[in-house]
Trainee: 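Before we start, here is the structure in question, set down as structure tokens.
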Amino acid sequence: MKIAMIGFGGVGQSFAEILEEKHQELQQNYGLDVEIVAISDVMKGSIFHPGGLNIAELLECVKRTGSVESYPSSSQTIKGWNSIETIEKSQADVVIEVTYTDVKTGEPALTHCHRAFETGKSVITTNKGPVALAYQELTEKADHHGVFFGFEGTVMSGTPALRLPLETLAGNEIKEMRGILNGTTNYILTAMESGMTLKQALEKAQALGYAEADPTSDLEAYDVRYKAAILSNHVYGVHLDPDEIFCAGITGLSVEDIKEAEKAGEKWKLLARISQNNGNVKATVRPERIKEDDLLARVSGATNAIVYECDLSGPIMLTGAGAGLKETGFSLLIDLIHCHKQKQGTKIGGGSHS
Ligand code: HSE
């Protein structure tokens with residue numbers, strides 16, 4: 001399987017490291033032989049080699065020089081393609097789209113997805129924007145071109161919040177999905193329980209690398225609103241415009257509010273709720289005071305969790321990391337393995353579209 005990587009920041013490099021580490025297991029366990037044939041990154045430059053790049057050498061070169069420019073060239077190496085040229089000319093089977101993208105417009109990731117599908121390539125991305133804004137258009141286009149579209153990492157990174165309800169919980173009617181889908185704000189609310197102010201806790205969350213580049217998206221819950229839109233599209237098959245989802249963040253909460261809830265045996269949590277009733281889907285994102293014995297009240301720090309209210313199996317909770325380089329790199333691998341299985345005709349059903 002030939003891969004072109006569009007974007008080679010922390011997540012992209014982490015994914016490359018995983019491929020390098022797991023090369024043998026992937027071959028032995030899944031018959032999956034992966035080669036990175038191209039990389040294109042606005043900051044680090046671009047490189048293509050039809051026979052595949054040496055991942056260890058590539059990572060070392062980027063870590064040492066901050067660019068792919070000094071990666072050794074041979075007669076077949078091409079440097080300097082932009083992202084679109086890389087998608088069009090690299091003859092990759094799969095485009096891994098991990099660019100720095102504006103979540104409001106979904107660009108440049110949205111254009112990259114379209115161009116990849118139009119040229120017969122599968123796409124695996126962790127970018128929320130294109131999936132939340134153009135789910136239907138993109139999944140239909142992928143179907144039309146007979147390629148795979150994977151985006152497991154857009155909600156709860158490597159914790160499989162999208163694949164689990166459709167595959168493992170298949171057969172249930174899921175009446176509601178209720179979750180803590182943002183690590184930064186849950187980290188802040190937990191830190192405020194021990195008396196830290198929101199500002200102090202945010203600084204710690206930023207230092208630990210959980211927060212978005214602009215933490216407004218975390219604090220005002222726009223990040224969660226996009227994730228709620230993706231869950232609605234993917235699990236319920238109903239498009240909700242992210243802007244139309246009621247959304248309130250945590251900036252109005254003080255340490256006093258948290259202490260007051262504690263005295264009443266409750267906790268403040270930033271919750272997304274997505275529910276369906278007779279085909280009508282509703283979603284809200286806001287801080288809620290929940291009882292201390294609620295399944296979600298015990299989820300602390302940067303951990304994420306989601307409860308699927310199922311008619312047959314009852315409530316099922318999935319919890320794990322919702323951010324992190326390795327975890328998000330892993331989410332790309334889950335999709336890659338499924339893409340490979342699908343190509344081989346051994347798809348295990350549901351999940352990301354074909
Ligand atoms: N800033 C996000 C979070 C990263 O804190 O959960 C993952 O989307």
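All ligand and atom numbering here is 1-based and tracks the order in the structure.
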Trainee: List, ordered by chain and residue number, the protein residues whose closest non-hydrogen atom lies under 4.0 Å from any atom of ligand 1.
Mentor: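 Near ligand 1, by chain and number: K128, N182, G183, T184, Y210, A211, E212, D218, D223, K227, G322, A323.
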
Trainee: Sort and list the pairs that fulfil salt bridge (charged side-chain N to carboxylate O under 4.0 Å, His left out) and have at least one residue in residues 82-92, not counting sequence neighbours.
Mentor: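 Every pair satisfying salt bridge (charged side-chain N to carboxylate O under 4.0 Å, His left out) with a residue in residues 82-92: E85-K89, E88-R115.
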
Trainee: Taking E118 as the fixed residue, which of H144, H145, K141 is the one that meets the side-chain hydrogen bond (donor to acceptor under 3.5 Å, both in side chains) rule?
Mentor: K141

Trainee: Side chains of S331 and E327 only: does a donor on one sit below 3.5 Å from an acceptor on the other?
Mentor: no

Trainee: Among residues at least two apart in sequence or on other chains, which ones pass side-chain hydrogen bond (donor to acceptor under 3.5 Å, both in side chains) with S74?
Mentor: H49, T77

Trainee: I'd like to know if R289 and D294 make a salt bridge, using a cut-off of under 4.0 Å between side-chain N and carboxylate O.
Mentor: no

Trainee: Kindly state each residue pair satisfying salt bridge (charged side-chain N to carboxylate O under 4.0 Å, His left out) with at least one member in residues 234-254, sequence neighbours excluded.
Mentor: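 Counting only pairs at least two positions apart or across chains, the salt bridge (charged side-chain N to carboxylate O under 4.0 Å, His left out) contacts touching residues 234-254 are R225-D243.
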
